[in-house]
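Both counts, for ligands and for their atoms, begin at 1 and track the order of listing. These figures come from a predicted structure and were not determined experimentally.
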Amino acid sequence: MNRNIIVFDTTLRDGEQVPGAKLNLQQKLEIAQQLKRLQVDIIEAGFPASSAGDFQAVQEIARTVGDSVTITALARAVRGDIDAVYQSIKGAQDPLIHIVLGTSNIHVEKKFSRSKDAVLEMGVEAVKYAKTLLPQVQYSTEDASRSDFEYLWRTIEAVVKAGATMINVPDTVGFAIPEEFGELIRRINDRLKNLNPDVILSVHCHNDLGLATANTLAAVKNGAEKIEVTINGLGERAGNASLEEVVMALKVRESAYQCRTNINTKELLKTSLLVSHLTGLDVQVNKAITGANAFAHSSGIHQDGLLKDKQVYEIMSPEDVGAESMELILTARSGRHAFKNAVEKLGFDTNDEADFEALFAKFLTLADEKKEVYDHDVFYLVTNHRTTDASDSHLYELASFQVVSNDLYPTATVKLNKGGETFKGSAVGEGPIEALYSAIKTLVGLDVHLKDYKINSLSRGNDAIGRVNIRIEYEGKIYTGRAMDTDIIKASALAFLNGVNAVLLDLVTV
Ligand code: KIV
Ligand code: ZN
């Protein structure tokens with residue numbers, strides 16, 4: 001019989017550690033709801049000891065989606081971190097404390113400057129303390145793939161005896177190769193099953209050598225029962241193993257792995273789009289499973305073969321990952337019912353009538369501007385509506401703007417509102433966007449530096465929506481801003497303000 005593999009998603013913790021991928025509370029909640037629709041088994045919602053904002057986000061996620069998904073959050077092996085995790089996740093139905101502590105020589109000697117025995121004891125004490133709070137405790141042996149095997153095993157044995165219910169073996173720096181990592185998992189699994197067959201063995205692979213998916217699959221083949229993954233492979237440096245790749249490999253090659261997951265693969269594309277949209281991090285076009293070209297066939301030979309039989313060149317169908325659902329066209333005359341139907345078909349709820357009316361008004365404005373509204377547009381409209389908080393009086397709103405583009409003095413005039421106050425000003429620049437950003441910078445009085453500006457068109461049809469992603473630096477930290485509009489100059493102004501508001505929110509929560 002096929003083994004069930006537990007899918008632990010860490011997009012909101014390891015994924016969110018990517019510079020500039022910081023998400024606000026509503027964005028995190030929207031992603032958590034989507035992860036629930038995707039049917040992941042465990043959501044790692046954040047690192048609550050890191051900031052008050054992270055604590056609040058984990059708490060809200062536990063409250064809103066913790067009825068059917070296991071919720072966890074990360075703690076270092078110290079009481080303060082463990083308390084923060086416990087306090088933030090205790091509202092969930094099935095909370096899990098996740099503790100991490102290094103086991104490699106380099107971590108023990110350089111990070112902790114303590115003896116190996118002392119570090120091991122720290123881990124044991126942390127697990128014992130966590131067990132006084134909750135029954136489910138995961139222990140991660142950070143940098144396991146570069147650790148001395150016997151010390152790694154001694155640590156695992158000790159923390160299992162102290163009560164750990166899951167052992168996670170991370171390839172923290174992406175150093176492992178599939179044959180070696182598979183063998184490491186096989187050895188650990190053999191001993192662990194003798195020690196306590198109920199303890200779950202898990203893996204967490206990073207992609208520094210482009211091997212995260214291969215290493216995760218090698219681990220599954222050798223006994224791992226749980227995989228830690230992220231949407232779009234987001235994560236520290238080159239990222240983590242990508243959920244969509246590992247899950248589809250297990251599904252398409254089921255007979256080779258003899259494993260299954262609970263993932264609803266038809267939600268994969270939508271989840272990928274949502275995460276990419278909210279983090280502002282694009283998915284490369286040739287990315288396996290969810291890249292724009294993943295199911296596109298351009299050569300004549302391939303097209304001819306496909307027309308004869310899809311299986312000639314397709315190992316899975318676009319429908320399997322939810323690619324076919326993005327195909328409806330609405331207009332301003334479609335009416336409430338059709339719009340509601342489209343929103344619900346994309347998996348969003350429409351129960352709150354006032355919220356739906358506000359959304360419908362935005363749809364009509366968009367349909368007037370754009371004439372043909374595609375499923376992609378509806379998807380971005382809803383996610384933007386649900387993840388932007390215009391009511392916060394600490395934040396700036398764009399009231400109006402005018403930009404004059406010429407080859408002498410490109411000029412911008414901007415009016416902003418913030419908490420009942422109005423700010424007006426003008427600036428010139430080398431180009432219209434520079435003039436616009438310079439006017440906004442002067443009005444908000446923050447010394448932010450534009451590091452990156454990206455514009456692309458979303459969906460298809462005439463008057464496609466333009467999406468602008470920017471990255472700005474403020475006091476050494478990177479913040480992202482994003483916005484969409486059929487007017488790309490307006491989208492540029494809104495994206496910059498979105499970035500400025502992210503700085504302001506950070507200043508409030510730090
Ligand atoms: O990469 C890593 O080691 C981690 C641990 C917290 C599991 O992210
Ligand atoms: Zn990691």
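Using a 4.5 Å heavy-atom cutoff, the side chains of Phe348 and Glu30 are in contact.
At a cut-off of 2.8 Å, Asp14 is counted among the residues with an N, O or S atom near the Zn ion (ligand 2).
Summarising the local packing, CZ of Phe175 is surrounded by 12 or fewer heavy atoms from other residues, nucleotides or ligands at distances under 6.0 Å.
Applying the 4.0 Å criterion to heavy atoms of Ser140 picks out, from ligand 1, the atoms 7 (C). Near His206, the atoms of ligand 1 lying under 4.0 angstrom from a non-hydrogen atom of the residue are 1 (O). Atoms of ligand 1 found under 4.0 Å from any heavy atom of Glu142 (numbered from 1 in listed order, with element): 3 (O).
The protein heavy atom nearest to atom 6 (C) of ligand 1 is Arg13 NH2, 3.4 Å. Of all protein heavy atoms, the one lying nearest to atom 4 (C) of ligand 1 is His204 NE2, 3.4 Å.
Across all non-hydrogen atoms, the minimal contact from Lys193 to Glu225 is NZ-OE1, 3.4 Å. Smallest separation of non-hydrogen atoms from Leu269 and Ala323: CD2-CA, 3.6 Å. The minimum heavy-atom distance linking Ser140 with Gln138 is given by the pair OG-NE2, 3.8 Å.
Of the candidates Asp282, Asp377, Asp485, Arg467 forms a salt bridge (charged side-chain N to carboxylate O under 4.0 Å, His left out) with just one, namely Asp282.
Contacts between Thr172 and ligand 1 below 4.0 angstrom, taking non-hydrogen atoms only, involve backbone and side chain alike. Of the heavy atoms in Glu236, none comes closer than 4.0 Å to ligand 1. At a 4.0 Å heavy-atom cut-off, ligand 1 touches Asn168 through the side chain alone.
The Zn ion (ligand 2) forms the vertex of an angle spanning NE2 of His204 and NE2 of His206; to the nearest 10 degrees it equals 100°.
At least one donor-acceptor pair under 3.5 Å links the side chain of Thr11 to the backbone N or O of Ile231.
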